[in-house]
A.B. asks: 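One structure, as structure tokens, below. Some questions next.
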Amino acid sequence: MFTAIAGVYDLNNTLLSFGLHYRWKKLTASSVPQVERGTALDVGAGTADLALLVAPRMGDRGRVIASDLNHAMLAEGLKKVSGKGLAGTITCLQANAEHLGFPDNTFDAVTTGFCMRNVGNLVQAAGEIRRVMKPGGTFVCLEFSRPVFGWLRALYDWYSFKLLPWIGTKVAHDTTGVYEYLPASIRTFPDQERLCHVLRDAGFRQVSYKNLSGGIVAIHVAMK
């Protein structure tokens, strides 16, 4: 599904979020502690927006791995990375979030942006992320969540199941059903408090979250 929309993924994100996804990602990156000569992993990096924002947080000689299961999405991300002259700082790597091929205690920080609801086994992915983090490292997760107001939930449901699929399909000319899948995946994903429990059960500590846009999305921060 994501291969079919890779070329218009950024455009659709901008249209469907009314441009808010840029602010959400900037706030997510700002939750990553600054480290000199740091190493970071962005899981489910897609077209590398978040990886590009995290890179300055790792210092002048820092390194970022932008990993994603989908090759077409990474190819779009690599164009951005190369265009900004950051190919020596950010490496685009095809990888599975549930089986990260890195040694234990590798990264100072791990980020995800709209990835975790797409993994097959959320518990396993959370455990893998914690495993590859250094002790004291920070995990920052940006994901769609549950709006906090009843009226907003009703409006968001109408938008997600009616307007979003129509706009997404018109722009992407998609026939795979990805824009029906996306809102359905949001509804089945744990809400803010339940995701906190998943992360604590995976061994994370100091787990907290911040709602953005009335809880349409939330940033979870957790420590190893």
A.B. asks: Determine the minimum heavy-atom distance between S67 and L74, stating which atoms define it.
C.D. replies: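 Shortest heavy-atom separation between S67 and L74 comes out as C-CD2, 4.4 Å.
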A.B. asks: Under 4.5 Å between side-chain heavy atoms, hopping through other hydrophobics if needed: is there a path connecting L163 to F161?
C.D. replies: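 No; F161 is not reachable from L163 via cluster members.
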A.B. asks: Hey, could you give me the CZ/CZ distance between R146 and R187, rounded to the nearest 0.5 Å?
C.D. replies: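 R146 atom CZ to R187 atom CZ measures 9.0 Å (nearest 0.5 Å).
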A.B. asks: For the side chain of D68 and the backbone of G46, is there at least one donor-acceptor N/O pair under 3.5 Å apart?
C.D. replies: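 Yes; judged by distance alone, with no hydrogens or angles, the pair exists.
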A.B. asks: Taking only residues two or more places apart in sequence, or in another chain, which ones meet Y209 in a ring-ring contact (aromatic ring centres under 6.0 Å, His included)?
C.D. replies: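 Listed in chain order: H220.
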A.B. asks: Could you tell me which non-hydrogen atom of A55 sits nearest to which non-hydrogen atom of T89, and how far apart they are?
C.D. replies: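 Nearest heavy atoms, A55 then T89: CB-CG2, 4.3 Å.
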A.B. asks: In terms of hydrophobic clustering (I, L, V, M, F, W, Y; side-chain heavy atoms under 4.5 Å; direct or indirect links), are I219 and L122 co-clustered?
C.D. replies: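 No, separate clusters.
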A.B. asks: By ring-ring contact (aromatic ring centres under 6.0 Å, His included), which residues pair with F102, not counting sequence neighbours?
C.D. replies: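 Counting only residues at least two positions away or on another chain, F102 forms a ring-ring contact (aromatic ring centres under 6.0 Å, His included) with F107.
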A.B. asks: Does I129 belong to the same Ile/Leu/Val/Met/Phe/Trp/Tyr cluster as V35, with side-chain heavy atoms less than 4.5 Å apart forming each link?
C.D. replies: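 No, separate clusters.
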A.B. asks: Is there side-chain contact between L199 and R130, with at least one heavy-atom pair below 4.5 Å?
C.D. replies: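 Side-chain contact under 4.5 Å: no.
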A.B. asks: Could you grab the distance from atom CE of M1 to atom CD of E180, nearest 0.5 Å is fine?
C.D. replies: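 It is 10.0 Å, given to the nearest 0.5 Å.
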A.B. asks: Closest heavy-atom contact between M223 and G136?
C.D. replies: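 Looking at all heavy atoms of both residues, the shortest contact is CE-O, 3.4 Å.
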A.B. asks: Pick from T47, V8, D10: which one makes a side chain to side chain contact (heavy atoms under 4.5 Å, CB included) with E76?
C.D. replies: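 Option passing the side chain to side chain contact (heavy atoms under 4.5 Å, CB included) with E76: T47.
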A.B. asks: Output, in order, the C-alpha distance, side-chain angles, deciding distance and verdict of side chain to side chain contact (heavy atoms under 4.5 Å, CB included) for M58 and R63.
C.D. replies: CA-CA 7 Å; M58 296 296 105; R63 295 298 303 273; over 6 Å; no
A.B. asks: Just say parallel, tilted or perpendicular for the rings of Y159 and F18, cut-offs at 30° and 60°.
C.D. replies: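 Answer is tilted, since the angle falls between 30° and 60°.
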A.B. asks: Give the table of side-chain donor-acceptor pairs shorter than 3.5 Å for residues 112-121, with sequence neighbours excluded, one pair per line with atom names and distance.
C.D. replies:
from : atom 1 : to   : atom 2 : distance (Å)
R117 : NE     : S185 : OG     : 2.9
R117 : NH1    : E143 : OE2    : 2.7
N118 : OD1    : Y181 : OH     : 2.6
N118 : ND2    : F114 : O      : 3.3
N121 : OD1    : V123 : N      : 3.3
N121 : OD1    : Q124 : N      : 2.9

A.B. asks: How about CZ on R37, more than 12 heavy atoms from neighbouring residues, nucleotides or ligands closer than 6.0 Å, or not?
C.D. replies: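 No, because the 6.0 Å sphere around CZ of R37 holds 12 heavy atoms or fewer from other groups.
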A.B. asks: Say whether V178 and F144 are linked into one hydrophobic cluster, either directly or through other cluster members, by side-chain heavy-atom distances under 4.5 angstrom.
C.D. replies: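 In one cluster with V178: F144, yes.
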A.B. asks: Who are the ring-ring contact (aromatic ring centres under 6.0 Å, His included) partners of F204, not counting sequence neighbours?
C.D. replies: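 With sequence neighbours excluded, F204 shows a ring-ring contact (aromatic ring centres under 6.0 Å, His included) to F139, given in chain and number order.
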A.B. asks: Can you confirm whether D60 is buried at CG, in the sense that more than 12 heavy atoms of other residues, nucleotides or ligands lie under 6.0 Å from that atom?
C.D. replies: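 Not buried by this count: 12 neighbours or fewer within 6.0 Å.
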A.B. asks: Tell me whether R61 contacts the main-chain N or O of E36 through its side chain, where contact means a donor paired with an acceptor under 3.5 Å.
C.D. replies: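 No, the answer is negative, given that no donor and acceptor are paired below the 3.5 Å cut-off.
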A.B. asks: For the CG atom of L11 and the CD1 atom of I5, what is their distance to the nearest 0.5 Å?
C.D. replies: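 L11 atom CG to I5 atom CD1 measures 11.0 Å (nearest 0.5 Å).
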A.B. asks: Quick one: pull up NZ in K25 and CG in D49 and give me the separation to the nearest 0.5 Å.
C.D. replies: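 These two atoms lie 4.0 Å from each other.
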A.B. asks: Determine the minimum heavy-atom distance between A109 and V32, stating which atoms define it.
C.D. replies: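 Shortest heavy-atom contact: CB-CG1, 3.7 Å.
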A.B. asks: Linking I/L/V/M/F/W/Y whenever their side-chain heavy atoms sit closer than 4.5 Å, directly or via other members, would V221 and V198 fall into one cluster?
C.D. replies: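 No, V221 does not connect to V198 through the hydrophobic network.
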A.B. asks: For L212, run the side chain to side chain contact (heavy atoms under 4.5 Å, CB included) check against V217, L20, T28 and tell me which one passes.
C.D. replies: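 Going through V217, L20, T28 one by one, the side chain to side chain contact (heavy atoms under 4.5 Å, CB included) with L212 is satisfied by V217 alone.
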A.B. asks: Rounded to the nearest 0.5 Å, how far apart are OH of Y9 and CG of N70?
C.D. replies: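 The OH atom of Y9 sits 10.0 Å away from the CG atom of N70.
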A.B. asks: How many angstroms lie between CG in L86 and CG in L52, if you round to the nearest 0.5 Å?
C.D. replies: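 One gets 6.5 Å once the value is rounded to the nearest 0.5 Å.
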A.B. asks: Under 3.5 Å, is there a donor on one side chain and an acceptor on the other for S145 and D191?
C.D. replies: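 No, because no side-chain N or O of S145 sits under 3.5 Å from a partner of the opposite role on D191.
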A.B. asks: Testing the basics here: between C92 and G77, what is the closest heavy-atom pair and its distance to 0.1 Å?
C.D. replies: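 For C92 and G77, the tightest heavy-atom pair comes out as SG-C, 4.3 Å.
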A.B. asks: Which residue is it: K224, R131, K134? I am looking for the one with a side-chain hydrogen bond (donor to acceptor under 3.5 Å, both in side chains) to N105.
C.D. replies: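 It is K224; the other options fail the test.
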A.B. asks: Can you check whether A40's main-chain N or O pairs, donor with acceptor, with D108's side chain at less than 3.5 Å?
C.D. replies: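 No, because the side chain of D108 does not come within donor-acceptor range (under 3.5 Å) of the backbone of A40.
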A.B. asks: Show which residues join L69 in its hydrophobic cluster (side-chain heavy-atom contacts under 4.5 Å, direct or indirect), or state none.
C.D. replies: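 Noted: L69 shares its cluster with no other residue.
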A.B. asks: With ring pair (Phe, Tyr, Trp, His ring centres under 6.0 Å) as the rule and sequence neighbours excluded, what pairs involving residues 19-46 come up?
C.D. replies: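 Residue pairs passing ring pair (Phe, Tyr, Trp, His ring centres under 6.0 Å), neighbours aside: none found.
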A.B. asks: Tell me the closest heavy-atom pair linking S160 and P183, and the distance in Å.
C.D. replies: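 Closest approach of S160 to P183, heavy atoms only: O-CG, 3.4 Å.
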